[in-house]
Amino acid sequence: MEIKITETTTPKIMPKESELGFGQYFTDHMLIVDYDVDKGWHNARIVPFGNISLHPASTVLHYGAEIFEGLKAYRTAEGDIQLFRPLENIKRMNTSAERMCLPLLDEGEAMNMLRTFVKLEEKWVPHSFGTSLYLRPYMFGNDETLGVHTVKRATFMIIASPSGSYYKEGINPVKIMIEKDDVRTVRGGTGYAKCGGNYAASTRAGERAGKKGYSQVLWLDGVERKYVEEVGAMNVMFKIDGEIVTPELTGSILPGITRKSCIEVLKKLGYKVSERLLSVDELMDAIKCGKLDEAFGCGTAAVVSPIGRLMYNDVEYVINDEKIGEVTQKLYDVLTGIQWGRVDDEFGWVEKI
Ligand SMILES: *Cc1c(COP(=O)(O)O)cnc(C)c1O
């Protein structure tokens, strides 16, 4: 598919790298592709960044037909730009699309769109270690009718936002509250799909935790409310009695690319890694017997986020003296090293632009 490029005549200026934050600024352009059942994907174009217009009955506004991805473009010390396992994001977007009755993308074409777009927005990839150009591919149903069915029209877009370092003030372990009321998703639901609806439904618990001084919640499964699933919008890992334990992908957990990468790095380093059910009782027992050495979230935004305190049933437990653990630090060093091109990419994960 040919991508028609209309460049902006009023390019913006990149804010100072130290003031970027997350998701506040957007680049000069955006990529848009239309879909309809008769023509398939067509009219791929990159146009100046700006508002889009939707029919008031557009499916996405009423029935939440929306999925997205999140990945980063990194600048190496030599000044090159690279992506981290981008095909994994495209494959996951198709898994999400299938779940939400949205059309699938051709992997090769989607890769080409991503590359073409990043290349055009090259100057927006910041230079300092820890900063990146955050890429947000997304897709939504766009039928102009209130009927409920598999969409006949959809739109795929990519926007990008230069982002600051997640750890400007160093890696500080966070306080997490185990959530007992709300659930994020259920098996058979949309937990494994990266869809906007999951976020809308899980914001409330995060806000409530925030009011109590916690930075996020630890989700339990929606059926038995017993098994640990994720932390906020990150996957979660624990080091219990020398072994790394992470919840298995039961269908209600998002299959994170950072999660997958952590598992591969840990196995290569010789750690025992188990993907299995982990009950909150087992976790509490491990804490009480002094066998929980480390706990951390993992995801593209933070890479890893150590958990320093865990609140359950009104009791707060301190983990690893509220310090980042050895395994967590190692994963951070290896993954960020590969992403920002500071260490050898022995896994073949990065793709140069
Ligand atoms: C995106 C996401 C993750 C992390 O996935 P990565 O591919 O590692 O960024 C974890 N949990 C949820 C709910 C997510 O939406």
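Start at 1 and go down the list; that is how both ligands and their atoms are numbered. Residues: numbered from 1 along the sequence shown.
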(request) If you have a sec, work out which protein heavy atom is nearest atom 11 (N) of ligand 1 and how many Å separate them, to one decimal? (result) Glu230 OE1, 2.5 Å
(request) Around atom 8 (O) of ligand 1, find the nearest protein heavy atom and jot down its residue, atom name and distance. (result) Thr258 OG1, 2.6 Å
(message) Is it the case that the side chain of Gln82 and the backbone of Val350 share a donor-acceptor pair, with hydrogens and angles ignored and the cut-off at 3.5 Å?
(response) no
Taking 4.0 angstrom as the limit and counting only heavy atoms of [X], give me the atoms of ligand 1 inside it, by number and element.
X      : answer
Arg92  : 5 (O), 6 (P), 7 (O)
Thr300 : 6 (P), 7 (O), 8 (O), 9 (O)
Tyr199 : 14 (C), 15 (O)
Gly256 : 5 (O), 6 (P), 7 (O), 8 (O)
Arg184 : 13 (C)

(request) Tell me which part of Leu254 gets within contact of ligand 1: side chain, backbone, both or neither, using heavy atoms under 4.0 Å. (result)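 Near ligand 1, Leu254 shows its side chain, while the N, CA, C and O stay back.
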(request) Measure Lys194 to ligand 1 on non-hydrogen atoms and call it side chain, backbone, both or neither using the 4.0 Å cut-off. (result) side chain
(message) Suppose the criterion is side chain to side chain donor-acceptor pair (under 3.5 Å): which pairs have a residue in residues 199-210, not counting sequence neighbours?
(response)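 Applying side chain to side chain donor-acceptor pair (under 3.5 Å) to every pair that reaches into residues 199-210, excluding sequence neighbours, yields Glu179-Arg208, Asp182-Arg204, Asp182-Arg208.
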(request) Compute the ring centroids of Tyr317 and Tyr312, then answer whether they are less than 6.0 Å apart. (result)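 Tyr317 vs Tyr312: aromatic centres not under 6.0 Å.
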(message) I want to check a possible cation-pi pair here: Lys239 against Tyr271, using under 6.0 Å from ring centre and within 45° of the ring axis as the test.
(response) no
(message) Any nitrogen or oxygen of Ile257 lying under 3.5 Å from a nitrogen or oxygen in ligand 1? Just yes or no.
(response)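 Yes; at least one N/O pair falls below 3.5 Å.
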(message) Is there a polar contact, in the sense of an N or O pair closer than 3.5 Å, between Arg259 and ligand 1?
(response)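 No; every N/O pair is 3.5 Å or more apart.
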(message) To the closest 0.5 Å, what do you measure between CZ (Arg92) and NZ (Lys194)?
(response) 5.0 Å
(message) How long is the straight-line distance from CG of Asn198 back to CD of Glu230, given to the nearest 0.5 Å?
(response) 9.0 Å
(message) Looking at non-hydrogen atoms alone, which of Ser96, Ala233, Ser261, Ala302 comes nearest to atom 10 (C) of ligand 1?
(response) Ala233
(message) Using the rule ring pair (Phe, Tyr, Trp, His ring centres under 6.0 Å), only one of Phe26, Phe117, Trp124, Tyr25 pairs with Phe49; which is it?
(response) Phe26
(message) My understanding is that only one of Glu98, Glu69, Glu107 makes a salt bridge (Lys or Arg N to Asp or Glu O under 4.0 Å) with Lys91; could you say which?
(response) Glu107
(request) For Lys260 and ligand 1, answer yes if some heavy atom of the residue is under 4.0 Å from a ligand atom, otherwise no. (result) no
(request) Using a strict 4.0 Å threshold on nitrogen-to-oxygen distance, state whether Arg342 and Asp333 make a salt bridge. (result)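 Asp333 and Arg342: not salt-bridged.
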